[in-house]
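These notes concern the structure reproduced below.
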Amino acid sequence: MRGVSTKLQWDIMTGVCVERLPIVTPPLNDMQKKYKELLWTMEVEKSLKSDHEIRLENDKIQEEMLKSDSRDVDLDAVSKITGQDFEDAANEELAQFKFGSIETEADKKGDKTTPERCLQRHLVLVAPIKLGSDLKTILPQGKWAEGETLRQTAERVLTECCGPELKVQFISNAPCGFYKYKYPPGEQKGGKVGAKVFFYYASYKSGADKNPDKAKFNWLTRNELTETLPLKYNKSVQEFLIEETY
């Protein structure tokens, strides 16, 4: 007698990875610095002289002619501000210039609820999501509804979780990652043994996350994600995120 096979039933869900890209250019690593120096060397070797360099050369010629009492001296050129005078004034102005601080008020206060922090790093939006009787801090997610594409589900879920003021750009119609988990015994409903989560990636544009339930959303760095997300869940998320170089 053949055994009867039962096909496991899973809930289909989408999770949305909203990422704020670095606003300030991150510091270069050693390889990037060497490549930058190589490009600069090649540019200097192959480039023509600038107007300022030509001006400095002409000023030197006029200076030598003036010393030798030559009749070919251009007195109008000598009496004007020289290229060296201009360069000295520019260097003096540069020395007084001070770069603004990249440390924001959110950085000073340790406020993780805003994307206006860690301007040189990638930030990912996470939210407290109730999974059965547990509350887990993960990416915004929700169930797929009949008649929707997974992309449409991802867009709806993000609006429901974060509100319409959060503006993002979804990068693709296809999922960028996958994760599945089983429901604890006693929490399985409708014969479903667990959930299969299809991740979608979206780039943050503007606005703030204002969900109706006022849940505490956070914008986390790569290291903070590793410390906050469940271990296996974090591994699935890190697989489709770009690794930071510092």
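- To the nearest 0.5 angstrom, Arg117 atom CZ is 8.0 Å from Thr104 atom OG1.
- For Phe198 and Tyr200, the ring centers sit 6.0 Å or farther from each other.
- A distance of 11.5 Å separates OG of Ser47 from CE of Met42, quoted to the nearest 0.5 Å.
- In this structure, Arg20 contributes its side chain and Leu123 its backbone to no donor-acceptor pair below 3.5 Å.
- The distance from the CD1 atom of Ile54 to the CG atom of Asp59 is 12.0 Å, given to the nearest 0.5 Å.
- For the residue pair Gln84 and Leu56, the shortest heavy atom distance occurs at N-CD2, 3.4 Å.
- Residues Ile102 and Ile23 form no side-chain contact, since every pair of their non-hydrogen atoms from C-beta on lies 4.5 Å or further apart.
- What you find for Val197 and Gly15 is that their closest heavy atoms are CG1-N, 3.7 Å.
- When all heavy atoms of Ala127 and Phe217 are compared, the closest pair comes out as CB-CE2, 3.2 Å.
- When side chains are defined from C-beta on, Val126 counts as touching Leu229, because their heavy atoms get closer than 4.5 Å.
- Taking the charged nitrogens against the carboxylate oxygens, Arg156 and Glu160 do have a contact shorter than 4.0 Å, which makes a salt bridge.
- In summary, Glu243 and Arg222 do not engage in a salt bridge, as defined by a charged side-chain N under 4.0 Å from a carboxylate O.
- Side-chain contact between Leu21 and Ser203 is present, with heavy atoms from C-beta onward closer than 4.5 Å.
- Side-chain atoms of Thr153 and Glu148 form a donor-acceptor pair, as typed in the model, at a separation below 3.5 Å.
- Tyr179 is not listed as a side-chain neighbour of Glu239, based on a closest heavy-atom distance of 4.5 Å or more.
- No donor-acceptor pair closer than 3.5 Å links the side chain of Lys98 to the backbone N or O of Ala95.
- The environment of CD1 in Ile242 is sparse: at most 12 heavy-atom neighbours from other residues, nucleotides or ligands sit within 6.0 Å.
- In the hydrophobic clustering of this structure, Val18 groups with Phe178; members are Ile, Leu, Val, Met, Phe, Trp, Tyr whose side-chain heavy atoms approach within less than 4.5 Å, directly or through other members.
- In this pair, Tyr233 and Phe199 present their aromatic rings perpendicular. The plane angle is above 60°, beyond the 30 to 60° band.
- Remark: the backbone N or O of Thr221 is paired with a side-chain donor or acceptor of Glu224 at under 3.5 angstrom.
- Between the side chains of Asp111 and Thr113, a donor-acceptor pair is found at a separation under 3.5 Å.
- Note that the CG atom of Leu166 and the CG atom of Leu125 stand 6.5 Å from one another [nearest 0.5 Å].
- In the hydrophobic clustering of this structure, Leu220 groups with Leu139; members are Ile, Leu, Val, Met, Phe, Trp, Tyr whose side-chain heavy atoms approach within less than 4.5 Å, directly or through other members.
- Taking every heavy atom of both residues into account, Arg151 and Ser172 meet most closely at NH1-O, 3.4 Å.
- With a 6.0 Å radius and a threshold of 12 heavy atoms from other residues, nucleotides or ligands, Phe86 has its CZ atom at or below the threshold.
- Few gaps surround NZ on Lys192; more than 12 heavy atoms of other groups in view lie less than 6.0 Å from it.
- Side chain of Gln120 to main chain of Thr25: a donor-acceptor pair is present (N/O by atom type, distance under 3.5 Å, no hydrogens or angles).
- Residues Pro22 and Leu119 are not in side-chain contact: their nearest non-hydrogen atoms beyond the backbone lie 4.5 Å or more apart.
- Criterion: ILVMFWY side-chain heavy atoms under 4.5 Å apart, direct or through other members. Under it, Leu150 and Phe170 are part of a common hydrophobic cluster.
- Checked options Tyr204, Trp219, Tyr201; the residue passing with Glu19 is Tyr201 (criterion: side-chain hydrogen bond (donor to acceptor under 3.5 Å, both in side chains)).
- Between atom CD1 of residue Ile138 and atom CG of residue Leu225 there is a gap of 12.5 Å, rounded to the nearest 0.5 Å.
- Between the side chains of Asp11 and Tyr183, a donor-acceptor pair is found at a separation under 3.5 Å.
- The neighbour count for Asn91 CG, taken as heavy atoms of other residues, nucleotides or ligands under 6.0 Å away, is above 12.
- Annotation: Phe240, atom CZ; neighbour count of heavy atoms from other residues, nucleotides and ligands within 6.0 Å is above 12.
- Not a single donor-acceptor pair under 3.5 Å links the side chain of Gln96 to the backbone N or O of Glu93.
- Under a 4.0 Å N-O distance rule, the pair Lys60/Glu57 does not qualify as a salt bridge.
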Q: Starting from the C-alpha separation in whole Å, work towards a yes-or-no answer on side chain to side chain contact (heavy atoms under 4.5 Å, CB included) for Cys162 and Val16.
A: CA-CA 11 Å; Cys162 304; Val16 186; over 6 Å; no
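- Residues Asn234 and Gln238 bring a donor and an acceptor atom of their side chains to less than 3.5 Å of each other.
- Across Thr149 and Trp144, no two heavy atoms sit closer than the pair O-CD1, 4.4 Å.
- A donor-acceptor pair is defined here as one N or O able to donate and one able to accept, closer than 3.5 Å; such a pair exists between the side chain of Glu244 and the backbone of His122.
- To the nearest 0.5 Å, the span separating CD on Glu92 from CD on Glu87 amounts to 13.0 Å.
- The existence of a salt bridge linking Lys33 and Glu37 is excluded, since no basic side-chain nitrogen approaches an acidic carboxylate oxygen closer than 4.0 Å.
- Atom CG of Leu231 is surrounded by 12 or fewer heavy atoms from other residues, nucleotides or ligands within 6.0 Å.
- The shortest heavy-atom contact between Ile129 and Pro140 is CD1-CA, 4.4 Å.
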